[in-house]
Protein chains: 2
Amino acid sequence: MEREKIRKDITIKDVAKRAGVAISTVSRVLNGLDKVSPRTEKKVREAVEELGYVQNVLAVSMVTGQTKTVLMAVPDFTNDFNGSVIQGAEEYLKEQGYTMLICSTKDFGEEDFENLYRRFSKLAEGILVVPANPDRMDYGRWEKPLVLVDVYRPQEDYYTIEIDNAGGTFLLTEELIKNGHRKIALVGGLPDETASGQRVAGYLEALKAYGIPVDKRLMVPGVHFEDTGSRGMERLLDLPEEIRPTGVVAVNNLTCIGCMKALAGRGMRAGREISLAAFDDHLLARYSVPAVTVIERPTIEMGREGARVLLELLRGRRPEQKRLIMESRLLKRDSVKRL
Amino acid sequence: MEREKIRKDITIKDVAKRAGVAISTVSRVLNGLDKVSPRTEKKVREAVEELGYVQNVLAVSMVTGQTKTVLMAVPDFTNDFNGSVIQGAEEYLKEQGYTMLICSTKDFGEEDFENLYRRFSKLAEGILVVPANPDRMDYGRWEKPLVLVDVYRPQEDYYTIEIDNAGGTFLLTEELIKNGHRKIALVGGLPDETASGQRVAGYLEALKAYGIPVDKRLMVPGVHFEDTGSRGMERLLDLPEEIRPTGVVAVNNLTCIGCMKALAGRGMRAGREISLAAFDDHLLARYSVPAVTVIERPTIEMGREGARVLLELLRGRRPEQKRLIMESRLLKRDSVKRL
DNA sequence: TTGTAGGCGTTATCAT
DNA sequence: ATGATAACGCCTACAA
C-alpha cells in the first residue's frame, strides 16, 4: 500500500539551515528555555518568519510525551445541555493551550468503547465525560485523569462536577405544592443510584415533607429522553379525572420537551390546562407562552469547571474536592398555575 | 507499602520481545500488509493480548504522515444548527476511522485564527468549517482540503455544502402572501454576497413576483443573532398601525427565537397577534403553540455530506461538484394566520 | 553560547 | 517469512 505525502513541510532543520545554526539552537529560541544570544535569536526568528515555519505538534508530543490534548465524550451534540458544557470546556481548554478531541457516545456498545479507548488512549492526556443515560461506559479502563460532568455514581469515586439533583426536584415539586397542587406527577427518572435516582428521591422527599401521599400511578419512570416525556404526558392526560395530575414535574430538558410536545399535540399549553415544572432551562421553556418554571443550572460553568479540574489533575495537582457541587436555582415563570 | 513507578506504556518493542520476534514482524501482523506465518501471527497476537498493547497513534502518524484527524471549526456549540451539523459530521468521520478535533470560533480575531492555524495545521489533515456570521476567517491560509458548510462566497471557490437560500426565503414570504399578507417584514440578513444576502434576495424576489412594493421600513437588517431578532421585532411592533407588518420573515433560527422572545415579552404569540415564518426548524418553532412555519434543512445530513466531501478530497478523489446544494422544504404550521 | 547525538514508537525498505 | 535499520521531526542531556 502506498502512502503519499501531500507536500514536504518546512521543518526545524530548514530553519536551522536558513539561519545558519544548529537545530538545537532553533529549538531553544522556539521554546525560550535556554539562553540564546540576541543576535542568533534574531537570525532564527527571521528564518522562521521567512519560511513560515510551524512546529510539528506530533513530533513534539512524541518526545515530550505531552499531547496537550483532551478527549471530551458526550452522548450527542444535539442536546443543548451537552452543547453548553462543551462550550464551557472548550473555551477553558483553549485558554490553557489545550486542544479538544471529541466523540459522541450515543448508542455505544462494548465494542464501541473498546474502539474509543484504542483510538484515544495514546492521543488524549485526559478525558472529560458527560455520561449517557443509562451509562454504559467502563471508566476503569482509562488509566488517565478522568472527570465526569453531571453524574454521581457512589460506587466509584471519580472526580465529578454535579449539582444538587434531589434539591432541584424538591424545589420543583414544592413550587407546585405551594401553588395548591396535590396531585403531582413525575415524568422520567429511574430509581437507581445515579443523578436520575436522586431526582426521583427529591420528588418523593417533597411530597413527604408536605404530607402528600405518593401515588404510583402518577410516576412515569423512564430514561431521560424526549420520548419518555411525550408518552408520559399522554398517559397522565388519559388518566380519569379524579386521579389526573394538576401538576407535572419533568426530570430533565428532554422529558420536559416531550411533555410540551404532547401538550402541543392536543392544543394544550403548560400553565393553562395543566401545570409543569422541569429540570433544566432551555429555549422552549424560556420563550414559550406561558414560559416554563425550571431549575436552571450553570451549564457553561459546569463545562469550564470540568475542564479546570481535569487540567489540575493533569498537572499533578490535587483538586480541592472529589465532588464539586455547583449551584442551581429555581426560575419561577408562568407554567405553574395557582389553584 | 511500595508504590509502583509510573507505568511506562507498552510498546511494540515489548510485544516483540514477549513474542520472541522482531518489531517489524509485530508491525506486519498488526497492519496485515505482509505475509506472516500463522504460527508467528498467533504468538504475536497472544503477546498483544497479554500485554494489553495499544498502538501509539502519534508514532504512526509521524511515519505515515497521516493523522486520520479532521478539524471542525464552528462559531459555537450552543446553537442547535451547529450541534446537528457536528453530529452528522462526527458520525461519518467515526465510521470512516477518523477522529474529530474541534474548535469554536466565536469572537475570533486575526490573532485567534493565527493560533488556530498553528495549533491544528500539523495535526489535522483537513478542515470542516461552519462559518460565523459575519465570517472573518482567512481560508486561503490553510493549504489543506477544506469544506465549508452553510455558506456561499462567490469570490472564492471552495467546496461547499449549501441549501437554496434565496429559494427558502422566497417560499417563506410567498406563504405569507398566499395567506393574504401584504405588509411583510424581514428580520435579519445583510445585503452582502453570502448566504445571508441570498436570503434577503429571496424575500425581495417574492415581493416582486407578487407585485408587492418593497417598504424599506419593514426591513430590519442585522447579523444572524438573537438580538437582531428581538430588537427587530420590537421595532416592527412599535410601528404605527398603518405601516405595521402583519407578517414577519426571520432569516434564521436565532433571529426567529429573538422575534418570539420579543413577542413573549409582550404576551403575544406568533400566529395570533402577528404572523411569523422563519428559516430553520428548532425546538421552539416545533413545539410552541401555535407552532411556527419554517424552512427545514437537513442539518445532520449537511454535516455528513461535509465530512464525506472532505474525506473524498483527503483521499485524492475529486468530488462530483464544488457546490453541493441540498434539499430543504417548507413546513407549514400555525404561525401564519389567514387574513 | 552553541553544536552533537541519542532517543520517542512506528512504518517501510532493505537484506537475509 | 523474518530481521535490521533508516527515517519521521523534535527535544534535551552532554560536549565543546
Side-chain angles (χ1 to χ4, degrees), chain A residues 1-45 47-48 51-69 118-123 125, chain B residues 6-45 47-48 51-69 118-119 121-123 125:
Chain A
M1 193 163 116
E2 211 174 344
R3 322 240 195 201
E4 51 175 332
K5 226 167 267 183
I6 314 274
R7 189 182 79 98
K8 178 131 180 16
D9 277 344
I10 309 283
T11 75
I12 197 174
K13 214 179 277 180
D14 301 313
V15 177
K17 193 184 296 173
R18 175 86 166 218
V21 299
I23 59 170
S24 53
T25 303
V26 178
S27 174
R28 269 188 277 262
V29 344
L30 255 40
N31 300 308
L33 301 176
D34 242 324
K35 278 168 218 314
V36 184
S37 84
R39 232 183 114 256
T40 357
E41 164 150 11
K42 184 156 175 288
K43 280 195 299 184
V44 171
R45 294 229 177 275
V48 166
L51 295 165
Y53 168 74
V54 173
Q55 240 187 359
N56 184 325
V57 287
L58 255 61
V60 175
S61 295
M62 276 262 26
V63 37
T64 63
Q66 309 212 284
T67 58
K68 293 287 185 188
T69 289
R118 305 184 76 82
R119 185 175 304 155
F120 292 105
S121 73
K122 289 286 167 35
L123 201 47
E125 293 181 20
Chain B
I6 297 167
R7 207 172 61 83
K8 198 168 164 311
D9 273 353
I10 308 284
T11 75
I12 197 173
K13 218 178 272 181
D14 301 314
V15 177
K17 192 184 296 174
R18 176 87 165 218
V21 299
I23 59 169
S24 48
T25 303
V26 178
S27 175
R28 267 189 280 263
V29 345
L30 256 39
N31 299 307
L33 302 176
D34 240 326
K35 280 169 218 312
V36 184
S37 85
R39 230 183 114 256
T40 7
E41 164 150 10
K42 184 157 176 284
K43 279 195 300 184
V44 171
R45 294 228 177 275
V48 166
L51 275 60
Y53 168 74
V54 173
Q55 239 186 358
N56 184 323
V57 287
L58 256 60
V60 174
S61 295
M62 277 263 26
V63 35
T64 63
Q66 311 211 270
T67 59
K68 293 287 184 188
T69 289
R118 304 184 77 82
R119 185 174 304 156
S121 73
K122 288 287 168 36
L123 202 46
E125 293 182 20

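Any value given below was found using the heavy atoms of this structure, including those in side chains, with hydrogens, waters and symmetry copies removed.
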Give a yes or no answer on whether the side chain of [X] reaches the backbone of [Y] with a donor-acceptor pair at less than 3.5 Å.
X	Y	result
A:Lys122	B:Val54	yes
B:Ser27	B:Ile23	no
B:Lys43	B:Gly20	no
A:Asp9	A:Thr11	no

Atom pair distance, as rounded to whole Å: [atom1] in [X] and [atom2] in [N]:
X	N	atom1	atom2	answer
A:Asp9	D:dA7	CG	P	19 Å
A:Gln55	D:dC8	CD	P	18 Å
A:Lys13	C:dG3	NZ	C1'	15 Å
B:Leu123	D:dG9	CG	P	15 Å
A:Leu51	D:dG9	CG	C1'	15 Å
B:Ile12	C:dG7	CD1	C1'	17 Å
A:Lys68	D:dC10	NZ	P	18 Å

Any B:Ser37 side-chain nitrogen or oxygen under 4.0 Å from OP1 or OP2 of D:dT2
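Checking B:Ser37 against D:dT2: at least one side-chain N or O falls below 4.0 Å of OP1 or OP2.
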
State whether B:Gln66 places a side-chain N or O below 4.0 Å from either non-bridging phosphate oxygen (OP1 or OP2) of C:dT11.
no

Shortest side-chain distance from [X], nucleotide among [options]:
X	options	value
A:Asn56	D:dG9, C:dG9, D:dT2	D:dG9
A:Thr40	C:dT1, D:dT2, D:dC11	C:dT1
A:Val60	C:dT10, D:dG3, D:dC10	D:dC10
B:Met62	C:dT10, D:dC11, C:dG9	C:dG9

What is the minimum heavy-atom distance between A:Thr67 and A:Leu123, and which atoms define it?
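Heavy atoms of A:Thr67 and A:Leu123 come nearest at OG1-O, 2.8 Å.
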
Smallest separation among heavy atoms of B:Glu41 and B:Val29, with atom names
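So the two residues come closest at CA-CG1, 4.5 Å.
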
State, with a plain yes or no, whether a side-chain heavy atom of B:Leu30 is found less than 4.5 Å away from one of B:Val15.
no

Residues of residues 22-30 of chain A with a heavy atom under 4.0 Å from any atom of DNA chain C, listed by number, are A:Ala22, A:Ser24, A:Thr25, A:Arg28

